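First the structure, then my questions, so here it is.
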Amino acid sequence: MGSNMAEAHPVGFQWVVEAKARGAKVIHIDPHFTRTSALADTFVPIRAGSDIAFLGGVIRHVLENGLDFREYVAAYTNAAALISPEYRDTEDLDGLFSGFDPEKGSYDPASWQYRSTGPPPGDEERPQEAQSHAAGAGGAPIAAPAEATDPTLQHPDCVYQILKRHFARYTPEFVEEVCGVPQDAFRAVCDAWTANSGRERTTTLIYSVGWTQHSVGAQYIRAGSIVQLLLGNIGRPGGGILALRGHASIQGSTDIPTLFNLLPGYLPMPSPATPDLDAYVASIRSRKQKGFWYAADAYLISLLKEYWGEGATADNDYRFDYLPRIDGDHGVFRTALDMVEGKVPGYFLFGQNPAVAVSNGRLMRLAMAQLDWMVVRDLAMIETATFWKDAPEVDTGEIVPEECRTEVFFFPAASHVEKEGTFTQTERMLQWRERAVEPAGDQRSDLWFTYHLGRIIRERLADSADERDRPIVELNWDLPVHGDPVWGEPDAEEVLRRINGYHLDTGELVADYRHLKADGSTSSGCWIYTGVFKGGVNLSARRGDGPDGKWGWCWPLDRRVLYNRASADPAGKPWSERKKLVWWDDDARRWVGDDIPDFPDDLPPDHVPPPHAVGAAALRGDDPFVLQADGKAWLFAPNGVVDGPLPTHYEPDESPVRNPLQGPRASPTRRRYDHPDNPANPALGAVFPFVLTSSRLTEHYTSGAMTRTLPFLAELQPELFVEVSPQLAAERGLVHGQWCHVVTTRAAVQARAVVTERIPPLRVRGEVVHQVWMPYHFGRNGLAKGDVMNDLLGIVADPNVGIQEGKAATCDVRPGPRPTGKALLDYVADYRRRAGIA
Amino acid sequence: MNSLFGPLDDVAGDAGHVEHPPRVGFFTDTSVCIGCKACEVACKQWNGVPAAEHLDLLGMSHDNTGALGANAWRHVAFVEQSKPVDLGMPAVDGLRWLMASDVCKHCTHAGCLDVCPTGALFRTEFGSVVVQQDICNGCGYCVSACPYGVIERRPGDGRAQKCTLCYDRLHGGLEPACAKACPTESIQFGELDELRDRAAARVATLHERGETGARLYGADEHDGVGGNGAFFLLLDEPEVYGLPPDPVVPTRDAVRMWKFVGAAAGAFLAAAVGSFLGRR
């Protein structure tokens, strides 16, 4: 679901083909019949933006029919936990959970917490506001692990019963009505999924950007997780959830993040609310929580030692003060709006093409036109670098090249075969890449550029008396370089070693993140990567031909299946011989098997921790979810997601369909960016009656900078096109192969009409709903050119992670090319007027 | 005498190679093709085949290459079908999308080879058919002799071009570029006998799973070209993929035709002589 794996991950898809050859069945649920659907056994068309309704239907089917893997659910999830008596569900409050503050547009999760059997937690213990990214995916602090539980799962306030009540309305009729999926097709999916789960069989759920790019994206994934947990598929071979990433190494870009709100290893950036190290650590972990997030202080302090070296000591909080404090949303959309207001002077763009690749392309380009300067590093002259002279806004007169204030510096970049380093892909696997050819001319790697930029800045600030410059001047910034002693290429392997981490007293490389210390004796650039250079060997460079037969290195600690303790029952025996992965060997007194155990190796399955143990020492022998604050998987999430402890169906921000559930039409906590240049298409209404969705083609890659410039790829998909059904084509007079244009309140974009049955209309709430699909790869530069599809989308985002709702919007489609020049602005203005937007 | 038609066990030997490696070729299993076109790109990259001068969206589903030709030695076809009855393939009310990578068939009896007047086209020791551009005179006989429409003269150059089964890579002990690039092993390269066994087993498996339309194309040595060095597993009739249902090498009837010509000439001569003799 939410994935076009065959087109976006063609090489990875070979394993799906291999699984099919061994008898696996593949089900593809998507608005659009793609090359993935062509190889699936079953294709189920679904309305874009309704996946939570579908998954809710599956959850209801499992619970109503008692098809959950009961022993797994009872032992390994928080199904038995009792929730606070203050909790109210969306079923009780007309589409809202308890704790909503309409003025702030956010939730206070106090009523979502586990019921405590003791005195209520003090203020310092309980989270004041629902936090996302508080620490990774489950280190979110809860006041205490569940003390009140009902192992029989019957108590009305236990998670299991809350789940049942919450999803009771997601009947097959409901799924048909909301998703446009016929009941028998829906039931067939439920039957196949449940029949293929349990002791003897496991089912894998695969999703990618088709799930994340929604205003309720995080809840989509929560819904998928709930299904997989109820069916006992997590932590088991052939099971799990494959979160396919959108770029070859974007997993690495979140592990060692280029995100404003994260530090390496999913530690949160400090905020003004955490003025010192103790406050920061307390915000990540609670005093009583279990599991490996408890050692967050060791991970952070080791990071600070890597950043500021010897100068970072206990006396100065290890230079914690040198970290910036993030005081709000500084994501790309907020920053773009600040740019439009003239508040941002400069912009560095490394392999990023916002003129084409980001929602509301026009707003991005107008924003860039307000910058003083911009540095673009890329393989080709991308639209972002040339916007000042050839953006669509030059045609309309909104940008005048001679008057545009932005000074653009373009630095040619080395490609991935011209530099060394690691990729981290979707399986958390680090793979070392060697340099195959020297980059030509002035092309340089990102490592070279960043390192020398930092070096030059530090040289210039070396004598500065300004306190503000201390963090930069004192950085641990000396790397060995190859070649020229001043300007040479930094040693990427040394960078990886520093990321792995060192014991600072002995100079030994750290072998295991559990050896990291909070006393300043260890350094590590990213605690989850610790161990990749164990024993001085670059394990990410393994290619299957060594004695261990392994390829690459997966974080953490080369565990290939996360939470694999769950592949054995509470007594430590595999659930079945067929599906064994790791198990307890009582003679050896350790966990053994076909994967590195994601569990303390020597912790027996029947272990009960002493009463006041915390952190890893508080784990029971049957707590497989070692990074969760209570050691269990969360069917109900007391914290960690800001828009609710359970997924619930809301319509996308733009939708032609009324929400069949009462209450808010769209997610009440979704992040809106109100600005005259970011209008939303009005909900419902006749002006924009069609659902617009977008995804990728195999032949092109994201904004097309790497592919539309290559003749062999450009000729394979030479132009922007829009896929419409024969019914929609007849309704709007669209002719196959001829020009047409797609319109929203943001833009009109022209494309060749491709009339095909692969984007079928659906019957939703009794009405026919048409969907249209466009690839988003095209722009004006390169060989294969076209209008920018992203110009059509507005910016509205998921409140947990700030990802834009790019997969479900509304639009109109009309035959013929769009107007050009100023007439284009008038045309869009006319649509806005008709839609009732000023 | 070299045979022109019918089963032929030793294709390379028949062409004059004395000691030669076993015959190799392609088995293209279109049931696992994901339409990625890596084969098209890898082939062009390795062989220096030029990209199209003019980019054009053809409107033929996702196929913008169109057909095999001088500048397209691998061509992926896309066929969208609505079938009323679902026979095991994914169906939206019977919607199915067939994808298939087409290539030169390296026929056992290759029409292009048979008619080439210059010897530019020749049979390699591997059993493949290769055209040498430095000998080709651009006469174009091969173009009309190919039952599949594979070979073509390159516009602007005039000489015939087609898949070489990566003859140079074979000499280096490497598999052809398209086979190497194919991520799902739709394109399989190897010894032809072994490929034929593998293909037959695959068809059997698909039939067991309800995919009764699966069949091999070009694997039958009794067909009109003596079987192909590059054969396919199809999920529907060949015409659906743009392939001729009953390809026949034009030179099949060459002997009979020339005998007929000889008989006609003889009869004509006899009639001419007779008309002189009969006149007194």
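Fair warning: this is a prediction, and the values are worked out from it, not measured in the lab. Values reported hereafter were calculated over all heavy atoms of this structure, with side chains retained and with hydrogens, waters and symmetry mates removed. Residue numbers start from 1 in every chain, and the chains themselves are labelled A, B, ... in the order their sequence lines are given, proteins ahead of strands.
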Interface check, chain A: of B:T65, B:L57, B:T184, most non-hydrogen pairs under 4.5 Å belong to B:L57

Taking atom CD of B:E185 as the centre, report whether more than 12 heavy atoms of other residues, nucleotides or ligands fall under 6.0 Å from it.
no

Of B:N64, B:V32, B:L58, the largest count of non-hydrogen pairs under 4.5 angstrom with chain A goes to B:N64

Turns out that what part of B:C182 lies under 4.5 Å from chain A's heavy atoms comes down to neither

Bottom line for A:Q717: the part with an atom under 4.5 Å from chain B's heavy atoms is both

When the 4.5 angstrom heavy-atom criterion is applied to A:A185 and chain B, the contacting part is neither

B:L233 and B:F27 have their tightest heavy-atom pair at CB-CE1, 3.7 Å

Bottom line for A:L783: the part with an atom under 4.5 Å from chain B's heavy atoms is both

| request: Can you label the angle between the A:H700 ring and the A:F778 ring as parallel, tilted or perpendicular, going by 30° and 60°? | output: perpendicular

Honestly, the part of B:H62 sitting under 4.5 Å from a heavy atom of chain A is both

Most contact-rich option vs chain B, by heavy-atom pairs under 4.5 angstrom, among A:G12, A:P10, A:A6, is A:P10

When the 4.5 angstrom heavy-atom criterion is applied to A:E715 and chain B, the contacting part is both

- Do the ring planes of A:F721 and A:W773 sit parallel (below 30°), tilted (30 to 60°) or perpendicular (above 60°)? tilted

Highest number of heavy-atom pairs under 4.5 Å with chain B among A:E18, A:E719, A:R35 belongs to A:R35

Of A:V755, A:V26, A:T698, the largest count of non-hydrogen pairs under 4.5 angstrom with chain B goes to A:T698

**Prompt:** Would you call the rings of B:F26 and B:F189 parallel, tilted or perpendicular if under 30° counts as parallel and over 60° as perpendicular?
**Reply:** perpendicular

Bottom line for A:T36: the part with an atom under 4.5 Å from chain B's heavy atoms is neither

Taking every heavy atom of B:A70 against every heavy atom of B:E152, the minimum-distance pair comes out as N-OE1, 2.6 Å

All heavy atoms of B:K162 vs all of B:V130, minimum pair found to be NZ-N, 4.5 Å

Q. Should the ring pair A:F33 and A:F43 be called parallel, tilted or perpendicular, given that the plane angle runs from 0 to 90° and is split at 30 and 60?
A. perpendicular

Interatomic distance, CD1@A:I206 vs CE@A:M1, rounded to 0.5 Å, equals 12.5 Å

Okay, A:L713 and chain B: the region with an atom under 4.5 Å from a heavy atom over there is side chain

Interface check, chain A: of B:V41, B:D56, B:V49, most non-hydrogen pairs under 4.5 Å belong to B:D56

